[in-house]
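Single-structure report; data block below.
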Amino acid sequence: MKSSLKRLGRVLRQPLNARFAFKRLKEYHAKSHGLEEVVNWAMNFGGNGLMRVKTLQIPSEITRLAKSVQALNPKIILEIGTASGGTCLIWSNLASERVITCDLKEMTFQQPLFTQFPPPGSNCKVTLLSGDSHSPDFKSRVAKELDGQKVDFLFIDGDHTERGVTADYHDYKEFVRPGGLIAFHDIVENQPLPTNQVFHLWKRLKPLAEVEEFVNDPNQKGFGIGILRVAEQGAPTLPA
Ligand SMILES: C[S@@+](CC[C@H](N)C(=O)[O-])C[C@H]1O[C@@H](n2cnc3c(N)ncnc32)[C@H](O)[C@@H]1O
């Protein structure tokens with residue numbers, strides 16, 4: 001009851017929130033930005049309700065990840081876990097052809113804003129897919145969108161349970177090209193929520209592939225990004 005009232009309130013305030021968000025987008029598009037600036041925009045875009053754009057990342061970590069992704073000259077980026085679109089804003093600046101971003105949440109209101117994230121002159125198309133990444137039907141939708149093309153970069157930042165993140169890795173790694181990257185968010189062991197269990201998967205994957213870690217402070221609680229480079233023969237499969 002309380003959450004449906006909250007959603008109703010957000011829907012009623014939507015036109016006002018949308019006006020502010022598009023004003024911010026216009027400011028963002030008014031000039032071209034270096035990667036640090038784009039990250040800064042993703043952290044501080046602002047806004048309210050369903051039109052609030054933000055990312056829950058540590059700037060130094062997400063900047064290092066963005067630089068690694070940029071070095072791939074990515075055409076296509078796939079993200080699981082759109083949330084408030086902050087990382088989607090960053091990927092939209094880097095991908096030359098496509099960003100496909102997925103979330104459990106329904107994103108009808110966000111669609112007109114997020115699909116306009118790519119900078120002026122970019123040919124990048126942003127596609128928002130709502131649904132459960134663990135459902136076979138949803139994976140088929142992603143495959144249909146890709147139509148046989150491989151992605152350069154897969155960002156796994158959805159279900160953070162050990163079982164969920166492991167399923168996302170196994171289900172979506174096949175879409176990443178050799179030499180491409182798969183990144184996981186929240187890899188540090190000390191986490192604020194017991195359901196943040198990405199470190200279990202990360203510990204098992206580390207010995208099996210070329211990996212790198214971006215952790216701002218070894219004593220931090222939460223966050224941390226791990227990247228894995230996909231080998232010629234594909235990303236490793238974990239023993240059962
Ligand atoms: C930590 S947030 C993503 C943050 C975003 N990448 C950023 O940094 O700007 C995680 C998101 O994953 C979504 N999510 C959780 N489980 C999911 C699932 N099974 N399928 C798709 N999305 C899921 C949640 O709804 C949530 O919006």
Side-chain angles (χ1 to χ4, degrees), residues 3 7 10 21 28 35 38-47 49-66 69 77-95 99-111 113-114 117 126-143 145 151 153-173 175 181-188 191-199 201-202 214 216 221-227:
S3 72
R7 169 130 190 124
R10 284 180 158 191
Y28 170 67
L35 214 39
V38 174
V39 168
N40 205 25
W41 270 93
M43 311 279 314
N44 300 297
F45 194 99
L50 299 168
M51 304 303 275
R52 180 167 185 205
V53 177
K54 65 168 182 179
T55 182
L56 264 182
Q57 301 280 340
I58 294 181
S60 68
E61 294 179 357
I62 191 70
T63 303
R64 288 181 72 191
L65 172 61
V69 176
I77 293 176
L78 173 61
E79 166 174 80
I80 300 175
T82 317
S84 303
T87 43
C88 176
L89 184 85
I90 301 170
W91 314 144
S92 303
N93 186 269
L94 296 176
V99 172
I100 301 173
T101 183
C102 313
D103 205 287
L104 270 177
K105 290 191 314 189
E106 207 262 312
M107 299 188 278
T108 311
F109 285 111
Q110 292 89 340
Q111 168 132 0
L113 180 70
F114 292 5
F117 278 168
V126 178
T127 304
L128 276 57
L129 296 181
S130 293
D132 183 353
S133 62
H134 306 322
S135 115
D137 282 354
F138 189 80
K139 183 181 172 185
S140 301
R141 282 172 64 199
V142 172
E145 287 291 337
V151 312
F153 171 55
L154 166 63
F155 189 45
I156 300 181
D157 192 16
D159 182 346
H160 281 47
T161 63
E162 181 180 5
R163 186 194 262 216
V165 69
T166 305
D168 281 344
Y169 172 70
H170 275 135
D171 289 342
Y172 294 89
K173 69 184 174 67
F175 295 124
L181 292 174
I182 301 175
F184 303 88
H185 191 223
D186 286 311
I187 57 156
V188 302
Q191 288 287 334
L193 298 173
T195 46
N196 281 4
Q197 300 162 349
V198 181
F199 63 91
L201 170 66
W202 184 243
F214 305 138
N216 187 55
K221 194 167 189 174
F223 304 96
I225 293 172
I227 64 172

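Whatever order the structure lists them in is the order used to number ligands and atoms, beginning at 1. Remember, it's a predicted structure, so these values are computed and weren't measured experimentally. Sequence positions, counted from 1, serve as the residue numbers for this chain.
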TODO: Would you please say whether a donor-acceptor pair under 3.5 Å links the side chains of Gln57 and Thr87?
DONE: no
Open item on the list: Measuring from atom OG1 of Thr101 to atom CD1 of Ile80, what distance do you get when rounded to the nearest 0.5 angstrom?
Closed with: 9.5 Å
Open item on the list: Tell me every residue that passes salt bridge (Lys or Arg N to Asp or Glu O under 4.0 Å) with Lys139, counting only those two or more places apart in sequence or in another chain.
Closed with: Glu174
TODO: Check salt bridge (Lys or Arg N to Asp or Glu O under 4.0 Å) between Glu145 and all other residues, then give those that pass, not counting sequence neighbours.
DONE: Arg98
Between ligand 1 and the protein, tabulate every N or O atom pair separated by less than 3.5 Å, reporting distance only.
{"unit_1": "ligand 1", "atom_1": "6 (N)", "unit_2": "Gly81", "atom_2": "O", "d": "2.8"}
{"unit_1": "ligand 1", "atom_1": "6 (N)", "unit_2": "Thr87", "atom_2": "OG1", "d": "2.9"}
{"unit_1": "ligand 1", "atom_1": "6 (N)", "unit_2": "Asp157", "atom_2": "OD2", "d": "2.8"}
{"unit_1": "ligand 1", "atom_1": "8 (O)", "unit_2": "Thr55", "atom_2": "OG1", "d": "2.9"}
{"unit_1": "ligand 1", "atom_1": "8 (O)", "unit_2": "Gln57", "atom_2": "NE2", "d": "3.0"}
{"unit_1": "ligand 1", "atom_1": "9 (O)", "unit_2": "Thr55", "atom_2": "OG1", "d": "3.0"}
{"unit_1": "ligand 1", "atom_1": "9 (O)", "unit_2": "Thr87", "atom_2": "N", "d": "3.2"}
{"unit_1": "ligand 1", "atom_1": "9 (O)", "unit_2": "Thr87", "atom_2": "OG1", "d": "3.2"}
{"unit_1": "ligand 1", "atom_1": "16 (N)", "unit_2": "Asp159", "atom_2": "N", "d": "3.4"}
{"unit_1": "ligand 1", "atom_1": "19 (N)", "unit_2": "Asp132", "atom_2": "OD1", "d": "2.9"}
{"unit_1": "ligand 1", "atom_1": "19 (N)", "unit_2": "Ser133", "atom_2": "OG", "d": "3.4"}
{"unit_1": "ligand 1", "atom_1": "20 (N)", "unit_2": "Ser133", "atom_2": "N", "d": "2.9"}
{"unit_1": "ligand 1", "atom_1": "20 (N)", "unit_2": "Ser133", "atom_2": "OG", "d": "3.2"}
{"unit_1": "ligand 1", "atom_1": "22 (N)", "unit_2": "Leu104", "atom_2": "N", "d": "3.0"}
{"unit_1": "ligand 1", "atom_1": "25 (O)", "unit_2": "Asp103", "atom_2": "OD1", "d": "2.6"}
{"unit_1": "ligand 1", "atom_1": "27 (O)", "unit_2": "Asp103", "atom_2": "OD1", "d": "3.3"}
{"unit_1": "ligand 1", "atom_1": "27 (O)", "unit_2": "Asp103", "atom_2": "OD2", "d": "2.7"}

TODO: Please identify each residue that fulfils side-chain contact (heavy atoms from CB on, under 4.5 Å) with Arg64, with sequence neighbours left out.
DONE: Glu212, Phe214
Task: Steps toward ring-ring contact (aromatic ring centres under 6.0 Å, His included) verdict (Phe153, Trp91) - done: CA-CA 9 Å; Phe153 171 55; Trp91 314 144; 5.0 Å; yes
